[in-house]
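Okay, structure first, notes after.
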Amino acid sequence: MIEKYRDVLIIHEGDVAFAVSCDSTGAIGEKENDVLKVDAEMVGRAAIKVALSELLCVGAWPIAISDALSNEMNPTGIKIIDGIKKELVENEIYDVALTGSTEENFPSTMTGVGVTVIGRAAKEDLKVRKAMAGMEVGLFGYPRVGQEVLHFNDILSLKDYVKIFRCGEIAEAIPVGSKGIKYELDVLKFTSGLNLLREYDDEIDDGKSGGPSTCCIVVYKEDDRQIVKNLLDKPFIRLGRLF
């Protein structure tokens, strides 16, 4: 059976589940027509972080990665792939098969990257549809986008998402991307069948883009609040309670 859960495809095979996530970036890099000028290695790091964060948040560990680059291998592709590999090694994500493709037929003046990640999990370990009435909802980090990502230290790293993956007290986790916090809370409402008793004020802009998964919504039991709150060295805001 194959189901779509948020932005992730989950393939059920007996007691094992395979999860598939993806991400794309465009106009970010070193090329002539890129809108946001950053080192191509950083482009690779950001792209793989987003795809991996989606995978880790549903409780799956990566086993294979495919990168589709709309640019030449040398020098752009080499830098992007190097960024992907460094991000994996620095976060102790090993034994992941890596494949991909580049554009060698035509010159490109804008950077384009697509990344697909496949992960595996025991069905019982999936952080999917585990939210229950009475559980609390919190937010790690703050939504940042564009140049903000380069200058603020309140955004989640891939290392943070690995910690979320390993935290048994977190029932569900939803990385926040371009559609913002409010949209992801509505997704949680749809997938859980529960409503959120909102307890946060205007200290956060819940309509703002979260860029490359700069913040993450987490669901946990009230008794586990302190454990969850202390999990990361990033800002934590309690959003409310499910009912």
Any side-chain to backbone donor/acceptor pair from E103 onto N105? Under 3.5 Å, distance only. yes
Query raised in the report: Under a 4.5 Å cut-off applied to non-hydrogen side-chain atoms, are V128 and V8 in contact?
Result: no
Check your understanding: Distance-only, no hydrogens or angles: does the T214 side chain make a donor-acceptor pair with backbone N or O of Y142 under 3.5 Å?
Key -> yes
The side-chain contact (heavy atoms from CB on, under 4.5 Å) partner of V43 among L36, T25, D34 is T25
Between T76 and E72, is there a donor-acceptor pair closer than 3.5 Å when you use the side chain of the first and the backbone of the second?
no
More than 12 heavy atoms from other groups under 6.0 Å of CG on N33: yes
Would one find more than 12 heavy atoms of other residues, nucleotides or ligands at under 6.0 Å from atom CG of D201? yes
Scanning both residues in full, the closest heavy-atom pair of I170 with I164 reads CD1-CG2, 4.0 Å
Nearest heavy-atom contact between K31 and N71 is CE-ND2, 3.4 Å
Residues pairing under side-chain hydrogen bond (donor to acceptor under 3.5 Å, both in side chains) where one sits in residues 7-16, two or more places apart or in two chains, turn out to be E3-H12
(Q) Donor-acceptor check, side chain of E32 to backbone of T109, threshold 3.5 angstrom: yes or no? (A) no
- Message: Are F18 and L56 connected into the same hydrophobic cluster when the rule is that any two of I, L, V, M, F, W, Y join if their side-chain heavy atoms are below 4.5 Å apart?
- Response: no
| said: Please determine whether the number of non-hydrogen atoms from other residues, nucleotides or ligands lying under 6.0 Å from atom CE of M42 exceeds 12. | reply: no
Indicate if V149 and F140 have the same hydrophobic cluster label, given that clusters are the connected sets of ILVMFWY residues with side-chain heavy-atom separations under 4.5 angstrom.
no
**Message:** With a 4.5 Å cut-off on side-chain heavy atoms, are V228 and R225 touching?
**Reply:** no
(message) Is there a path of hydrophobic side-chain contacts, each under 4.5 Å between heavy atoms, that joins I65 and Y161?
(response) yes
Smallest heavy-atom separation, P143 atom then D205 atom, equals CG-O, 4.0 Å
Quiz item: Within a strict 4.5 Å, meaning less than it, do heavy atoms of the L196 and L242 side chains meet?
Solution: yes
Is there side-chain contact between L188 and L194, with at least one heavy-atom pair below 4.5 Å? no
Minimal heavy-atom distance between R6 and C57, with the atoms involved, is NH2-CB, 4.0 Å
Taken to the nearest 0.5 Å, the spacing of R129 CZ from S192 OG works out to 10.0 Å
So CG of D125 and CH2 of W61: to nearest 0.5 Å the spacing works out to 13.0 Å
Enclosure of F106 CZ (heavy-atom neighbours >12, cutoff 6.0 Å) | no
- What do you reckon, is NZ of K85 surrounded by more than 12 foreign heavy atoms closer than 6.0 Å? no
The residue among R45, K159, K49 that forms salt bridge (Lys or Arg N to Asp or Glu O under 4.0 Å) with E90 is R45
Are I80 and L98 linked, directly or through other ILVMFWY residues, by side chains that come within less than 4.5 angstrom of each other?
-> yes
task: Using atom types as modelled and distance alone, determine if a side-chain donor or acceptor of E184 lies under 3.5 Å from a backbone N or O of V176.
output: no
Sidechain N-carboxylate O distance under 4.0 Å for K229, E136
no
Check: Any donor and acceptor pair, going by atom type alone, linking the side chain of S21 with main-chain N or O of A51 inside 3.5 Å?
Finding: yes
Margin query: Using only atom types and a distance under 3.5 Å, with no angle test, would you say the side chain of K130 pairs donor to acceptor with the backbone of L126?
Written below: yes
- Message: One pair to check against side chain to side chain contact (heavy atoms under 4.5 Å, CB included): L52 and N91. What are the steps and the verdict?
- Response: CA-CA 11 Å; L52 281 173; N91 289 280; over 6 Å; no
So the ring-ring contact (aromatic ring centres under 6.0 Å, His included) pairs with at least one residue in residues 178-234 (sequence neighbours excluded) are none
Closest non-hydrogen atoms of A19 and L55, given as atom of the first, atom of the second and distance, are O-CD1, 3.4 Å
The reported gap from CG in D223 to CE in M135 (rounded to nearest 0.5 angstrom) is 10.5 Å
Greater than 12 external heavy atoms within 6.0 Å of K123's NZ
yes
Kindly indicate whether the side chain of E222, heavy atoms from C-beta on, has any atom under 4.5 Å from the side chain of R241.
yes
Output for pair (K86 NZ, L88 CG), nearest 0.5 Å, gives 12.5 Å
- Query: Any side-chain heavy atom of P175 sitting closer than 4.5 Å to one from V50?
  - Reply: no
ask   = With the 4.5 Å side-chain cut-off for hydrophobic clustering, are L231 and V219 part of the same group?
value = no
*Indicate yes or no: at least one non-hydrogen side-chain atom of C216 is less than 4.5 angstrom from one of S53.*
no
Would you confirm whether E87, through its side chain, and I84, through its main-chain N or O, come within 3.5 Å as a donor-acceptor pair? no
Handout entry: Under 3.5 Å donor-acceptor, D39 side chain and E41 backbone
Key = yes
When every non-hydrogen atom of K234 is compared with those of D154, the smallest separation belongs to CD-C, 4.2 Å
Side chains of D206 and L239: closer than 4.5 Å at any heavy-atom pair?
no
Here the gap from K79 atom NZ to N74 atom CG, rounded to the nearest 0.5 Å, amounts to 9.5 Å
Distance col, row M73:CE vs L69:CG, nearest 0.5 angstrom, shows 7.0 Å
